[in-house]
Structures are given as structure tokens and as C-alpha cells.
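Inspection log for the structure reproduced underneath, given as C-alpha cells.
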There are 2 protein chains.
Amino acid sequence: MTSTLPPTKRSLPIALIRAREGVMAPIREMLAETGITEQQWRVLRVLTEYGRLDAKTLADRSSLLFPSLTRIAATLRDKGLITQTRDDADRRRQFIEITPEGQKIIDDRATQAAQIVDGFKSALGAENYETLLDLLTLLDPGPAD
Amino acid sequence: MTSTLPPTKRSLPIALIRAREGVMAPIREMLAETGITEQQWRVLRVLTEYGRLDAKTLADRSSLLFPSLTRIAATLRDKGLITQTRDDADRRRQFIEITPEGQKIIDDRATQAAQIVDGFKSALGAENYETLLDLLTLLDPGPAD
DNA sequence: TAACAATAATTAACATGTTAAGGAAATGAT
DNA sequence: ATCATTTCCTTAACATGTTAATTATTGTTA
């Protein structure tokens, strides 16, 4: 049975891109007022959720490649939203922690962000929404949570 | 009812990124041998599916922003994989068409690409796969096909 | 038709994605 | 202890994502 490529309208990679674009549009709009990017927001959210983290773990949990995190961390540090501390026990490693200023950005927008998420949940229906998250997780090869 | 942000492990934007990463990894691996990028592959696939297109339509169907398409088209032209033709009726517009060399890249890899897609379809199950595509389409604000 | 508005495309500027190479510190083997 | 290896992180180089400004052409209207 020779398989052929689906039409691009039913292509999984393209559907993932478009869905992400649809979901991120209102979030980006919200973030525009804060002067931080979507990825910077993601880093701050992970730091809020897990507390101080080493750079490697932070990159994993933020779904960022290490080189991206290096640049983003430098930007966030310059903005005073995080601090970077060398690990005395292993001087290769680095700890990253959110500052009160960074925390404030999350706190100030958390409700608004949650409302955007709720909007999509309503649009799909709660059950479909959970199904979608479950199916997406199956496509993620990452460490089995 | 005050809504709060979900933990990042159940965040829709992050789940979309990770899923995309999981799906694209083997495709990128395949494309590495061809010397073209994922986006360039997408443009060539759309051109194969729809034939000659004006740049605006091509950008839409490839899910690319216009500035990205401008650069990608220049690259593909330099590689001899597409041709660009000015519209005589409206000299602002431009038509883009795939060349035999470009077509060959698609033809040579179509089966392999389809097998990768089939792998994900099996992993999820055919029914779940279609459900996933349907749900993703609901998140796409784009023109209702 | 002259002035203004709208459209197609490019360019610019900055941030991120991606792969490869490099540097510093820790680990392991001899 | 020394050398090779591994690990954490940075830097480099190039492609793309994103928004804004700019150019060229077309359309509209007074």
C-alpha cells in the first residue's frame, strides 16, 4: 500500500502551525503592552511555577533550545526580570530566578491570560479541549512527564 | 469565577509547540539531506498542489508571513527551484511557479514524507488522528476553507 | 487630471529557531 | 596526577518570525 502525502489542508505540521498562530495571536496582542515576547513570557511563567531552576531544566520546561535561552536570559537580566547565579558546587552551572519585577509582570497579566485560554476552551468545549491536550501530548517525544 | 493559568504542562500554546517539535523532528531530519528547510519544503508542496500562484495566495496557503516568503522565494529562485514572473496586467503582482528541479525534490521525497506522516497516524490511531486535525482546524482563525 | 487612498511587495530591525563550533569546568580512566 | 571525555554554557552563522517603514503601482475621488 503506497501512501501519498495528504493535501496541505490536512497536513499535520501545517495544522499545528496554524493552530499555534490562532492561539498565540491574542496572547501576543496582550504581551505587546508589556514589552516582552511570547518566549520571555514562557520563561517567566516556568520560573513562577517551579521557582529557581538551573538553566538546563529551565530550557527544557520552557521548550526552548539552549542557545535561545542564553539570549533570552541575557535580555531578561538586562530588563531586571530575572537574576543569574553561578553554582558554587559546579561552576559550569547557573541558577536562574525570577525577580519581584518579573513576578509583577506575571501577576498583573495572569487573569487576562487565563481569560484568553478560557475563550479557547469554550470555543472547543471543555471535553474537546482536554482531548486536544492529550493528543498533543502524545506527539511530544519529550520525557514522559 | 476567577480563572487561573493552567500549569505549563497543560498549557495549550506550549503543548502546540512541543507537538510541532515532535512531528517536525523526523521531517527535518529527512530534509537535511536535501539542503532545503522545512518552510522551503512547504512552499514547494503548495506549488505542487495548486500550480502557479500569485505571491499573496502562496503565502496564505503556505502559512508564511509575506516578509518570510519574500526571502524564501529569493532563496528558492537562486537554487533554481522556482521561477518568479511579473503580472503584466498588474505590475505590482508576481506569479511564482515550481521548476522541474523543484518538482523533482518533492517527487523524490514524497513517499518518505508520507511514511513519516503514517507513523504518527499509527501512533495515535486513525480516528484520533482525524479528530486531532479537526480540533486544530477549529483553532485556526483563517478563512473558513 | 491632480491629490489621496489602497494594494503588492520589499526592506529594515530585532528576536527566535536551528545546527555547529568553541570554551570552561567537572568526571573518568590510566 | 594527567589526559581524554563529558557536561554546561556561550558564540557564531544562517534562516525564519514579527512588526513597522518604504517603494511601486493601481484605484478613487474631487
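Sequence lines set the chain letters: A, B, ... in the order given, protein chains first and strands last, and positions in each chain run from 1. Computed from heavy atoms alone, side chains included, the values below leave out hydrogens, waters and symmetry copies. What you are looking at is a predicted structure, and each value in this text was computed from that prediction instead of being measured.
Side-chain nitrogen and oxygen atoms of B:Gln84 include none within less than 4.0 Å of the OP1 or OP2 phosphate oxygen of C:dA9.
Atom C1' of nucleotide C:dA6 and atom CZ of B:Arg93 are separated by 15 Å, given to the nearest angstrom. Separating the CZ atom of A:Phe95 from the P atom of D:dC8 is a distance of 12 Å, rounded to the nearest angstrom. If you measure from atom NZ of A:Lys56 to atom P of D:dC8, you get 4 Å, rounded to the nearest angstrom. In this structure, CZ of B:Arg86 is placed 8 Å from C1' of C:dA9, rounded to the nearest angstrom. In this structure, the CZ atom of B:Phe66 is 16 Å from the C1' atom of D:dA20, given to the nearest Å.
Side-chain contact annotation: A:Arg42 with A:Ser62, donor-acceptor N/O pair under 3.5 Å absent. Neither side chain, B:Asp134 nor B:Thr131, offers a donor N or O lying under 3.5 Å from an acceptor on the other. Side-chain N/O atoms of A:Arg86 and A:Gln94 include no donor and acceptor closer than 3.5 Å.
Remark: side-chain polar atoms of B:Glu49 are paired, donor with acceptor, to backbone N or O of A:Thr8 under 3.5 angstrom.
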Q: Take nucleotides 12-19 of chain D nucleotide by nucleotide from the 5' end and write B, S or -, depending on whether a protein heavy atom sits under 4.0 Å from the base, only from the sugar-phosphate, or from neither.
A: -B-SBBBB

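Nearest heavy atom pair, residue B:Ile27 against residue A:Pro13, reads CD1-CG, 3.8 Å. B:Phe66 and B:Lys56 make their closest contact through CE1-CA, 3.9 Å (heavy atoms, listed as atom of the first residue, atom of the second, distance). For the pair B:Arg20 and A:Leu16, the tightest heavy-atom approach, listed with the atom from each and the gap, is CA-CD1, 3.7 Å.
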Which pairs, protein N/O on one side and nucleotides 24-26 of chain D N/O on the other, fall under 3.5 Å?
unit_1 : atom_1 : unit_2  : atom_2 : d
D:dT25 : O2     : B:Arg92 : NH1    : 3.2
D:dT26 : OP1    : B:Arg91 : N      : 3.2

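Residues A:Thr75 and A:Ile36 have side chains not in contact (no heavy-atom distance under 4.5 Å, counting atoms from C-beta outward).
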